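Indexing begins at 1, ligand by ligand and atom by atom, following the structure's order. What you see is a predicted model; the values in this text were computed from it and never measured.
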Amino acid sequence: MTGPLNTFAPGQGRRPPRAAFRSDAPRLVLDGDWRFRLSASHAEAPAGIEQPDLDDSGWDELPVPAHWQLYGHGAPIYTNIAYPFPVNPPYVPDDNSTGDYRRTFELPEEWIGLGAALRFDGVDSCFTIWLNGEELGWSTGSRLPTEFDVTGIVKPGRNVLAVRVHQWSPGSYLEGQDMWWLSGIFRSVTLLSRPPRALDDFFVHADFDHTSGHGTLRVDTSIPALLTVEELGLRDVPAQGPYDIEAVEPWTAELPRLYAGELRTGGETIPLRIGFRTVLVEDGVFKVNGRPVLLRGVNRHEFHPDHGRVLDERTMREDIVLMKRHNINAVRTSHYPPDSRFLELCDELGLWVMLECDLETHGFSLMGDWRGNPSDDPRWRDAYLDRIRRTVERDKNHPSIVMWSLGNEAGDGRNLQAMAEWVKQRDPDRPLHYEQDWGGRYTDVYSRMYTSHEELDAIGRRAEEPLSDPVADARRRGMPSVVVEYAHAMGNGPGGLVEYQELFEKYDRCMGGFVWEWIDHGLREDGHFAYGGDFGEELHDGNFVCDGMVFPDRTPSPSLGEYKKVVEPVRITMAADVMEITNLYDFRDLSHLTLAWSLEQDGEESDSGTLPLPAVPPGGPPARLPYPTADTTGVLTISAVLTKDEPWAPAGHEITWAQRAPERAPVRRTTRTSRPDPGLFDPITGRLTRLGNLPVTGPRLDLWRAPTDNDRLGHDPVANTWRHVGLDRLQHRLLGIDTEDDTVVVRTRVAPAATDLGLYATYRWQATDEGLRLTAEIEPDGDWQDIPIPRLGLRMSLSAWINDVTWYGLGPAEAYPDSRLAARLGRHSSSIDALHTPYVFPQENGNRADVRWAELTGRYGGLRVTGEPTFQLTARRWTSEDLDAARHTHELRPGGAVHLNIDLAQHGLGSAACGPRVLPQYRLTARSAVFAVTLSEIPGR
Ligand code: GAL
């Protein structure tokens with residue numbers, strides 16, 4: 001045999017690809033501890049590892065499934081686009097870590113006389129396999145299954161299995177996905193008995209006719225088989241049918257109805273779970289069961305902070321449950337087929353799945369115009385076809401899969417076209433996706449990534465830039481639009497989700513999209529999460545690998561809460577005298593929901609109740625309901641909650657909510673001159689140093705925030721401009737302290753070195769009944785034009801014994817101008833520490849918006865800040881400069897103070913790390929401003 005290196009071929013000696021299923025035929029799971037040894041290069045790997053009598057007692061042990069780099073052998077590497085080896089296909093470097101694996105197993109008696117196959121669900125990146133000294137073959141395709149026929153080689157009693165895995169193989173050129181390079185046998189290994197009359201493969205076709213409510217069922221089988229679906233009255237009928245079934249309940253992601261059945265041959269019985277549904281593109285619209293579907297999706301990589309791409313079933317379920325609880329209805333399996341068990345759970349719990357093949361050659365884009373791209377090189381054709389066949393054959397029986405995707409960022413070329421042609425003949429019932437088919441030649445949907453709102457609007461109107469070929473243009477313009485990646489959720493962000501959703505909801509052509517991405521791929525290291533560069537890689541892409549809506553340990557980041565609200569399947573609108581309830585589900589009515597309401601006065605609940613919700617049909621006009629209370633003085637919150645348990649959430653789980661708040665009464669202040677002035681000012685700086693008994697530093701003008709990933713990455717990062725101007729190093733010069741009537745007026749000019757640009761900041765202090773009232777007047781000096789600034793406000797600090805904060809405003813989560821839908825008005829409490837959002841790469845976080853008042857307290861008392869009418873609040877145990885300097889969360893150490901920002905405004909978040917800049921309405925620039933707050937001391941207990 002040739003072996004997996006130095007060839008364009010995808011493998012040798014393998015069984016043909018087929019559906020993944022679990023029958024009643026005996027099987028032996030070979031997971032567990034294997035013998036393992038690592039060689040630094042393929043040339044150094046020893047000969048003879050297949051010898052059954054080899055003494056491997058001196059080898060290490062490594063669990064299967066696992067990545068060896070996460071067990072102290074070698075180290076992970078993170079690159080986004082670049083290949084971490086010279087680009088010279090099909091060759092790979094001599095420094096090619098090679099893992100040798102061995103284990104023995106006993107074959108039980110009952111297997112005697114049966115055929116057998118060895119199945120590997122995933123080996124990264126290639127492997128050669130020997131059983132009892134005999135070479136069975138080799139394979140590439142890390143996230144794809146491989147089977148070898150071992151009939152006649154496997155024997156009763158003791159068997160010895162040896163596997164040689166290389167970190168790099170020609171297949172690595174086809175696996176340049178933006179993720180960690182991690183090697184080894186990372187999915188299960190199973191020995192399957194193949195009894196006489198075993199069923200090797202089957203293909204369930206279960207269509208739903210929405211006009212008649214009929215289902216059609218046909219199961220193609222590799223040998224004749226009998227089909228039973230008791231619920232449908234089918235008992236031991238020939239599997240091929242076809243059977244016309246009256247009145248089936250269709251499968252949708254919203255109501256994932258599965259019919260249990262069984263396929264039987266003389267040799268084995270296979271349980272089935274059948275979902276009836278029909279997917280098609282009709283009149284330029286993506287439809288399931290005759291109705292347009294809106295994908296509220298995420299891109300999901302398989303990731304675990306301790307195990308890399310090795311996921312157990314509990315974690316897979318956790319992902320789906322979290323998604324469903326956050327109103328997510330779709331997953332793109334970026335950028336490879338996941339563990340099959342994940343798809344079974346999608347069938348069961350209900351998610352629309354875009355199933356993507358394990359293919360990406362993005363590194364060739366760096367050669368300039370994709371020079372040498374395998375996608376257009378005939379030598380790679382077999383490897384491309386091999387990958388798509390193994391993908392589609394394995395997963396074709398999942399009703400949740402509503403679209404195939406050829407891969408990601410592999411440029412364009414004939415091999416992709418060949419893959420598409422193969423899919424079309426093998427499974428004509430599912431539309432096909434591939435984002436880089438820019439000419440729309442072989443796919444069914446017009447796919448884009450990181451499209452700006454403006455461009456998406458044009459696409460929605462079918463008014464995008466034309467293709468030069470009018471025929472191709474007409475074809476593509478007739479396709480539905482999917483935004484396969486958008487709203488890059490790196491660090492703090494994305495901003496601008498609502499504006500995308502408005503476009504998705506507005507245009508028939510838009511079938512929605514998939515946020516990039518579900519999870520941060522931070523690897524857990526000594527209590528923090530590591531990213532690219534932390535393992536000494538010579539090439540890496542830093543923390544670009546941490547761009548998800550959940551943190552590496554699956555704690556939701558604030559963006560997930562925001563997304564949940566933005567993609568709400570029910571919308572509650574508070575109109576003048578009625579509440580309007582709009583059903584935004586595609587299939588479900590609202591009879592599974594109850595409305596729960598509560599009325600609060602200044603954060604204290606004064607009344608509450610529940611209301612039944614009429615069964616508003618999907619797509620129907622909104623239901624109009626009277627308000628549950630006549631009281632308009634308090635804040636009314638209406639929540640739509642689950643009436644009964646669903647498989648993914650308990651009764652009472654909130655789907656969405658809305659609030660009605662009364663108009664704010666004007667703030668009245670009384671100036672008081674009789675009591676002694678509670679403030680003490682530093683005569684040199686003019687800064688407040690004491691408020692009654694409370695030591696304070698500041699406040700003073702602040703324009704800086706620790707740049708977010710979206711501020712500092714992407715094309716022309718805004719943080720470069722900020723730093724260029726010097727907003728991170730403002731100097732404050734006192735111009736004078738005067739007393740005007742009862743007001744202390746402190747005038748300053750604030751400016752960075754090396755520029756004549758500056759701002760006048762005037763602080764007017766007045767003693768009032770409520771405390772010290774500060775009016776800050778900001779006036780730009782010089783030609784600031786459109787220079788953006790991160791924030792406009794005041795910073796001050798308090799003693800470190802301040803521990804808690806209670807505020808009346810938006811919360812409990814952080815909120816920024818273009819990401820604040822999920823925050824609700826009320827009285828919220830938190831410790832200072834819990835206000836911090838632990839983005840893997842430290843950056844601005846924790847802003848609380850629309851705060852009317854806040855109390856920051858500790859054992860000796862505290863500070864109350866009252867807005868006129870509101871301000872934005874940040875409180876943390878380190879400064880913006882500390883945050884800016886830190887590279888990992890564990891580098892942030894509480895200092896001797898609590899630092900507050902009391903802001904008038906902040907710049908939006910956007911998603912410019914990979915995508916459009918902050919929308920114009922959320923950009924902040926230097927401008928004249930006046931704002932006021934009152935500071936008062938809270939006496940100690
Ligand atoms: C896309 C790519 C993703 C990821 C993303 C940036 O171009 O498809 O895999 O790299 O950019 O995070």
Side-chain angles (χ1 to χ4, degrees), residues 77-84 142-143 172 174-182 297-303 309 331-338 354-366 370 373 375 405-412 416 433-438 443 445 447-452 455 482-494 513-522 531-533 539-552 557 559 708-715 717 839-841 843 909-917:
I77 299 174
Y78 166 57
T79 58
N80 168 9
I81 300 174
Y83 293 110
S142 299
R143 272 71 60 174
S172 305
L174 309 185
E175 295 174 5
Q177 291 96 338
D178 174 5
M179 60 190 192
W180 293 103
W181 297 92
L182 291 169
V298 289
N299 280 280
R300 175 184 180 270
H301 266 284
E302 292 187 304
F303 185 74
R309 282 186 289 276
V331 160
R332 172 187 184 215
T333 68
S334 54
H335 300 300
Y336 41 82
M354 177 193 280
L355 196 287
E356 190 152 277
C357 183
D358 189 3
L359 175 68
E360 174 159 342
T361 63
H362 205 180
F364 284 87
S365 70
L366 304 179
W370 293 87
N373 185 15
S375 298
S405 173
L406 298 180
N408 185 57
E409 296 182 319
D412 200 357
L416 289 157
H433 167 272
Y434 174 60
E435 183 260 341
Q436 294 191 341
D437 175 26
W438 287 312
T443 50
V445 291
S447 174
R448 294 294 303 273
M449 47 170 77
Y450 307 109
T451 325
S452 68
E455 198 185 355
V482 66
V483 187
V484 77
E485 292 179 27
Y486 77 109
H488 198 253
M490 186 177 188
N492 191 349
F514 301 86
V515 164
W516 186 267
E517 68 175 306
W518 174 242
I519 188 167
D520 283 345
H521 313 210
Y531 49 78
L539 286 181
H540 66 83
D541 287 291
N543 67 315
F544 210 64
V545 77
C546 294
D547 51 2
M549 292 199 297
V550 299
F551 292 115
S557 105
S559 60
T708 64
D709 292 322
N710 287 313
D711 292 337
R712 70 185 179 88
L713 300 172
H715 305 290
Y839 293 112
V840 170
F841 186 94
Q843 55 195 281
L909 299 173
S911 59
C914 184
R917 302 198 311 160

Worksheet item: Which ligand 1 atoms does N80 reach within 4.0 Å, using its non-hydrogen atoms?
Response: 10 (O)
Fill in: Heavy-atom check, side chain of F544 versus side chain of C914, under 4.5 Å
yes
Worksheet entry | Atoms in ligand 1 flagged as close to D547, the criterion being non-hydrogen separation under 4.0 Å | 12 (O)
Discussion item. Polar contacts were defined as any N/O atom of the residue lying under 3.5 Å from an N/O atom of the ligand; does this apply to E360 and ligand 1?
Written reply: no
Discussion item. How far is atom 5 (C) of ligand 1 from the closest protein heavy atom, and which atom is that?
Written reply: Y450 OH, 3.2 Å
Worksheet item: Can you tell me the protein heavy atom closest to atom 1 (C) of ligand 1 and the distance?
Response: E485 OE1, 2.9 Å
Item to complete: Can you label the angle between the H301 ring and the H521 ring as parallel, tilted or perpendicular, going by 30° and 60°?
Response: perpendicular
Fill in: Any residue meeting side-chain hydrogen bond (donor to acceptor under 3.5 Å, both in side chains) with S142, in chain and number order, not counting sequence neighbours
D124, E175
Worksheet entry | Carboxylate-amine/guanidinium contact E302 R143, below 4.0 Å | no
Worksheet item: What class does the angle between the rings of F364 and Y83 fall in, given that below 30° is parallel, 30 to 60° is tilted and above 60° is perpendicular?
Response: perpendicular
Fill in: Identity and distance of the protein heavy atom lying nearest atom 4 (C) of ligand 1
D178 OD2, 3.2 Å
Fill in: Atoms of ligand 1, numbered as shown, that sit under 4.0 Å from any heavy atom of N408
2 (C), 8 (O), 9 (O)
Discussion item. Holding to side-chain hydrogen bond (donor to acceptor under 3.5 Å, both in side chains), I want the full list of residues that pass it with T708, two or more places apart in sequence or in another chain.
Written reply: D711
Discussion item. For S447, run the side chain to side chain donor-acceptor pair (under 3.5 Å) check against Q436, H433, E485 and tell me which one passes.
Written reply: H433
Practice prompt. Enumerate the atoms of ligand 1 whose separation from the nearest heavy atom of H488 is less than 4.0 angstrom.
Written response: 6 (C), 12 (O)
Worksheet entry | Residue R917 excluded, over 12 heavy atoms near CZ under 6.0 Å | no
Worksheet item: Do any nitrogen or oxygen atoms of H362 come within less than 3.5 Å of a nitrogen or oxygen of ligand 1?
Response: no
Practice prompt. Answer side chain, backbone, both or neither: which part of E409 comes under 4.0 Å from ligand 1, heavy atoms only.
Written response: side chain
Discussion item. Show the atoms of ligand 1 that are less than 4.0 angstrom away from any heavy atom in H335.
Written reply: 3 (C), 8 (O), 9 (O)
Practice prompt. Provide the number and element of each atom of ligand 1 under 4.0 Å from a heavy atom of M449.
Written response: 1 (C), 7 (O), 8 (O)
